[in-house]
Visitor: 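One structure follows; several queries about it will come next.
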Amino acid sequence: MLRPRCGILVFSWLPTSENRIEERLPLVLNPYHLNPRVIAMRLRGLALSLALALPQALCGQTAVMRAHLDRDAGEPTTSPASLFVLDAKGTRTLFNGFTSLLQTEELRPYQVPMRGYATGSGVGRDLISKYHLSAKAQWLLIDKQSSFVVAQGEEIPDAQSFAAYLHKAGFHDLVKELRAYLKEFPTSLEAHEQLLHQLRQRGERAAQRFMGIQIETHRERLDRGDFAGFMHAEATIEKVDLAKAKALDPIQDLEAWAAFAQELETVFRSGEWREIHLPWVQDGRALDAASPTLRVLYHRWQPTVEEALQRNPASESFWDLWIWMSQAQGGRPLAPLLEALKPTPLVSDPWPPVRAVQTLFSVATTQDDWRTLESLYQTQWNTESHPLREAAPTHTTANRALQNSGQEAQTALLDQDWTTYLGPLLECCLRSGDTSQADALFIQAMDASRWMALPGKGAELAKRCHQTALAARWGALRPTDSR
Amino acid sequence: MHSLKQAPALLFALMVGWTLTAQTLVTAGDNNLSLAQVLRFHPEGMILSLPGAQGQSLGPAIEAALDQEPAVALQLSSQELILNQKVGAELQRLKGWSAEKPHWVMIGPDQRVHAEGSEAPTPALIFEAYGQSPLRTRASVLREFLKLNSDQSDALARLILATRSLAERRTELLLRPKPTTSVQELPPTRDRAGAPKEALTGSTPGETVGEPVPDSAPAATALPARLRDEQDANVWDDYAALYERFIREGHWLDLAPDGSGPISMAGQLSDSAEHSPHLIALAQKLLPTVEDHLRSRPSDEGRWQVWASLRSALGEVRPSTVLQGLRPLPGAHRWPPAAALSAFVEEAQRTGDWHQAEPVLQTSFDQNSEFLHALEAAAQEDASQRWNTAHGETNSTAGPKVEMGNYFGFGGWNGEIALLVEAKLRLGKLAEADRIVQEVYARVPKNATAESAAALARTCGATGLAEKWGRLAK
């Protein structure tokens, strides 16, 4: 029967040497076709873990990673053409100009995908060579098959001219088309999902324009080659200091967010939100706290999300949404929610889900938050196996494989344990005032792991938490038999 | 560095391993595992055994006993340890056993032993000893939990998976020919002197199902055999009630976006449904509900899998009927959606008509080829940047060319390409089939590719192509 219960394990290859592709990343793939969403999700999930464990294996693969994510973004809608902007090295004149141009009222509906490169970059040189262009700064509108240039120039065109180029390339106002589609198929979850996605993008662009700020998404970090930034951001929500931005006035707020908020309200009222993917809660720009419209909407519907979490406490998508809503409202106590949730018995998965705890950590602000998180991290620290806590080799197969792999892999494993567990646990202790517990845990890890890098990492963390004396003491520790 | 290359795979295997209802740590070759670590994943308890000094093993007999009524209802795991490893020695010390005889224990997560012996236990002995212990099966703990938290989708899904697995096993036991040698008749490894006092013998407990079918019953290969009404009710009633609730109350709609996890798995009707008239009727009853939800999200592979599981029980798939009256989302670049591919292929394989499956497979192939080219360009860009960095260049194009080889497996011969080639062959599009095979072989010139393609051509009756492709193999 052609119905796999689960995907098969297939190995993919990433280029690791100059000229030969070697086996690197395994992915779960449906044996009969490659679901891009699955690939991208698995890749993102993997990327975080592997980047922590094996940084050398993944660094320098930004273009390959972009290609994977492009494929993900290609479903289910795709643009008929892409705008490539080539700036002289060290400048972003054309790119910034087009960023403004595409935000104009006339061009906003088209959601033109734009990529910026230096003329001398690999992509820049490839484009110049492929389309026989001069090596000057310029822009190109290229059809989706990359077979021909629809339009090209060295100056930024006016909105009306550029709209004409877009029509020639086959662009449509997707929001208008999706609304028409929904009239015909009102129960289409995918149409609601796409409409929300389009409206969210428009809202983000408008809000940034009104507030005079630019926030990079994870994907945009990757586009400019910041692989580490892309990886780091996967488990966190960017903390954006909106106080430094201009406040949205009520009219701007409505102009930016009313359409998105209305559509979101519609799917919450119908209950369809549970079945809709809301990708911006992972990869959106955290602008929502500046919008009274969105804050009110989140306040109204967050209890509904909490009810859904009671029904499915392990759902990562419900957790992501709850955390996003909480952050937009300036925080919401975690402890009462945790008390109301009953995780499934006899399940060995960590509770709450690791990613939820990591994201909560990234947005924690109050003493209560830190105390609750300390308790969660302490439980994980006590119940799981940790190379930083155990001098003896640890029990997991992966850990053993890494320990057999030499110094580099062992260091990566210790570093991962620090970044994922011990570091956050110590920070929670210090921020909630439990300094003696932090000290005891740190000394225990020092004795067990004898890791040379640990004093430096501990000192840096203590300093960040304004514990100068502790930072000096931890930094001065020297393992007797170091790794 | 060989093991370093394996590490990501192992890490990944652990990452995806959470979907399992119960995990078992493989102890073989591992000298660092402790007993507590082995038992941690078995809060319901498990059976551990140690072989004797002469290598006498109870493992296979215990496995066989756990697979028989009434012990099969417990859904317990067993594992044979090795004496000269840490965990084996720990168990030996715990019980003060001599190394002469083989031993087994029924042990809880707190390392308390509830039954033990030095010869293979019978299914009845295991069942009764478990019943007298404070241990509780996963299914019974989940049922208790659901009494207090009836809306909890994850627990309901896990209970469905547990009941499904048990019912599937019982169906298999009922429909297979009666074994000539029962577990009870296996020759004892040792004398019965060491029989545990906790181990009880007695009547068969009440959880057993109807009588096995006579020896003349059809073998498992002559499917689909059907259970008799009484057997069907005994085996499948519990699962059917839970499954119906799972679908009707919409729990299955909380599918993870990547189609993983217990909720996604529980949403699919049992593969054994074709043996159960009761489940076939249930599939018929639930189909309209599932079809409505599928039509509201036709790009959702998880929904297609649930739908296909019901359709399979009914003996037909027909994915095009679901898509009738729908049209692609504005901006969508393929229709039917990629998620429907498996359903189209399954329909073609059932009916032998590949007309509808072929364009769907072709679109997937084209998209994957496009993706492969994009990856080639991306890999080249990365390699050039690394080369430039290493050589202090900024604009040089002198970097080495990247060879993609069998990237992702879909540059070479794989299941999807085999299906596309089969579709072409079945439809008589021999030239197209040849072009695809030649293209794939040029990319990954392996004998296995040529041999697989030739074998496929022979199966489809394309002897000329079979010979031509066979000659590609060196």
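Everything numeric in this text was worked out from a predicted model, so none of it was measured. Naming: A, B, ... by sequence-line order, numbering from 1 per chain.
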Visitor: List in chain and number order the residues that pass side chain to side chain contact (heavy atoms under 4.5 Å, CB included) with A:E177, two or more places apart in sequence or in another chain; answer none if no residue qualifies.
Guide: A:H172, A:L174, B:P330
Visitor: What part of B:P328 gets closer than 4.5 Å to chain A, counting heavy atoms only: side chain, backbone, both or neither?
Guide: backbone
Visitor: Pick one of side chain, backbone, both or neither for A:Y181, based on which atoms fall under 4.5 Å of a heavy atom in chain B.
Guide: both
Visitor: Could you tell me which of B:A155, B:A418, B:P337, B:G325 has the largest number of non-hydrogen atom pairs under 4.5 Å with chain A?
Guide: B:A155
Visitor: Can you tell me which portion of B:R327 sits under 4.5 Å from chain A's heavy atoms? Options are side chain, backbone, both or neither.
Guide: both
Visitor: At a heavy-atom separation under 4.5 Å, does A:P186 approach chain B through its side chain, its backbone, both, or neither?
Guide: neither
Visitor: Against chain A, work out which of B:G250, B:A157, B:P298 has the most heavy-atom pairs shorter than 4.5 Å and name it.
Guide: B:P298
Visitor: Go through the side-chain N and O atoms of B:E346 and B:S312 and say whether any donor and acceptor fall under 3.5 Å apart.
Guide: yes
Visitor: Looking at A:R311 and A:E307, is there a salt bridge between them, counting it only when a charged N and a carboxylate O are closer than 4.0 Å?
Guide: no
Visitor: Between A:E193 and B:R297, is there a salt bridge with N-O shorter than 4.0 Å?
Guide: yes
Visitor: At a heavy-atom separation under 4.5 Å, does B:N149 approach chain A through its side chain, its backbone, both, or neither?
Guide: side chain
Visitor: Among A:L189, A:T187, A:I276, A:N312, who wins on heavy-atom pairs under 4.5 Å with chain B?
Guide: A:L189
Visitor: Taking only residues two or more places apart in sequence or in another chain, which ones pass side-chain hydrogen bond (donor to acceptor under 3.5 Å, both in side chains) with A:S188?
Guide: none
Visitor: Taking the six-membered ring for Trp and the full ring for Phe, Tyr or His, determine whether the centres of B:W252 and B:H293 are under 6.0 Å apart.
Guide: yes
Visitor: Centres of the A:W273 and A:F318 rings: under 6.0 Å?
Guide: yes
Visitor: Given that the side chain runs from C-beta out, which part of B:L156 has a heavy atom under 4.5 Å from chain A: side chain, backbone, both or neither?
Guide: neither
Visitor: Less than 4.5 Å to any heavy atom of chain B: does that hold for the side chain of A:E272, its backbone, both, or neither?
Guide: neither
